[in-house]
There are 2 protein chains.
Amino acid sequence: MLNTQTILQQLSDQGFKKTKVRELLIGELLKLKKPLDAQALQDFLSDQKLAVNKTTVYRELQFLLERGIIVEINFGDNKRRYEIAGLAHHHHLICNNCQGVEDVFVDQDLVKLEKKIAKEKNFAIHSHSLEFFGLCRHCL
Amino acid sequence: MLNTQTILQQLSDQGFKKTKVRELLIGELLKLKKPLDAQALQDFLSDQKLAVNKTTVYRELQFLLERGIIVEINFGDNKRRYEIAGLAHHHHLICNNCQGVEDVFVDQDLVKLEKKIAKEKNFAIHSHSLEFFGLCRHCL
DNA sequence: AATAATACGCAACTCAATTGCGTTTGTCAA
DNA sequence: TTGACAAACGCAATTGAGTTGCGTATTATT
């Protein structure tokens, strides 16, 4: 289930602690439902009067990533971003001007394409990255 | 035209010098036709008995990029790679095991998809990134 | 309250990439 | 051929994202 307390409880059942950092990070990622980088998340914690070391942020992200609670998204600017997992599979429209992010759902087209490629090239596709860059309606 | 001397001449006509570094880098990128990172290119120059500082490699790549002679490709590992520009538009199959790269041509499917999205979302798409990750036929 | 595992802070470090600045080299024109 | 000047280069220092080691603190359990 996609809510902070449920996720925290699942982690707790596995022997991990319920910490304020964990709770706030999961909450923010659940709320914004968009890819955020380590810096943005550290800033968010600061705003919540919970200033933590960047190492803590990186470690927490690594922790959540390894447990499949978040996924890594790459915009091609050499900066890792993280998004809550479990959202419907989608891709992003990234505005080159305002850096805004919109989701886009590419129905079965991609799945069909992947299968075609896998067969043709004899390559087992495990994942793909697909992001679109341009100008959003406001920046046009 | 896609050959080293033509490109060098075009640059020369614009007032830039014909240097050995420039010539070798363009030649290698033209020959291999696959994305290479700065380290790989510096190593290549070394092999050609032309040991240069990494700054020179980075500056040359920046230079070629700004003039549209090469394009930047991102595999999501926070490392910039460069490929000669002017190749037919294609994407990459990246093997998670041997790091090998295969090209894949995704006919008009993507173009159609882009137009559909652009219209629906009122978003001007300038470019996209699409790479596939998995296991190649040898590593399967 | 004691214990143990998890979580955290801090400093140092890695790795890709960039910057400042002084020097060298390619090019062109006298 | 030789100046002269911009382009190109080397080197050291720096930036920025991310990681590591290690000692300390916190959470949960008994």
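When reading the values below, keep in mind they use all heavy atoms of this one structure, side chains included, and skip hydrogens, waters and symmetry mates. Note on naming: letters A, B, ... go to the chains in the order of the sequence lines (proteins, then strands), and numbering restarts at 1 for each one.
Counting to the nearest Å, the P atom of dA28(D) and the NZ atom of K20(A) are 12 Å from each other. Going from atom CD of E60(B) over to atom C1' of dG10(D) covers 15 Å, rounded to whole Å. We find that CG of D77(A) is positioned 10 Å from P of dA17(D), with the value rounded to whole Å. A straight line from CG of N78(B) to P of dA17(D) spans 11 Å, rounded to a whole angstrom.
Using a 4.0 Å cutoff on non-hydrogen atoms, the parts of residues 10-18 of chain B near DNA chain C are K17(B), K18(B), ordered by number. Residues from residues 23-45 of chain A placing a heavy atom under 4.0 Å of any atom in DNA chain C do not occur.
With sequence neighbours excluded, the residues forming a salt bridge (Lys or Arg N to Asp or Glu O under 4.0 Å) with R137(B) are E102(B), listed by chain and number. Taking N122(B) as the reference, nothing meets the side chain to side chain donor-acceptor pair (under 3.5 Å) condition, with sequence neighbours excluded. For K54(B), the salt bridge (Lys or Arg N to Asp or Glu O under 4.0 Å) test picks out no residue, with sequence neighbours left out.
Checked against the 6.0 Å centroid criterion, the rings of H91(B) and H89(B) qualify as a close aromatic pair.
Extent of DNA chain C lying under 4.0 Å from chain B heavy atoms, first and last nucleotide in 5' to 3' order, is dA16(C) to dT27(C).
Note that CG of L30(B) and CG of L25(B) are 11.0 Å apart. Values are rounded to the nearest 0.5 Å.
Remark on DNA chain D: of its neighbouring residues R59(A) and K54(A), the 5'-side contact belongs to K54(A), judged by nearest-heavy-atom nucleotide.
Using a 4.5 Å heavy-atom threshold, the side chains of F63(A) and R67(A) count as touching.
Among the heavy atoms of the strands lying under 4.0 Å from T19(A) are primed sugar atoms or P, OP1, OP2 only; no base atom is included.
Using modelled atom types, no side-chain atom of K34(A) and backbone atom of D103(A) make a donor-acceptor pair closer than 3.5 Å.
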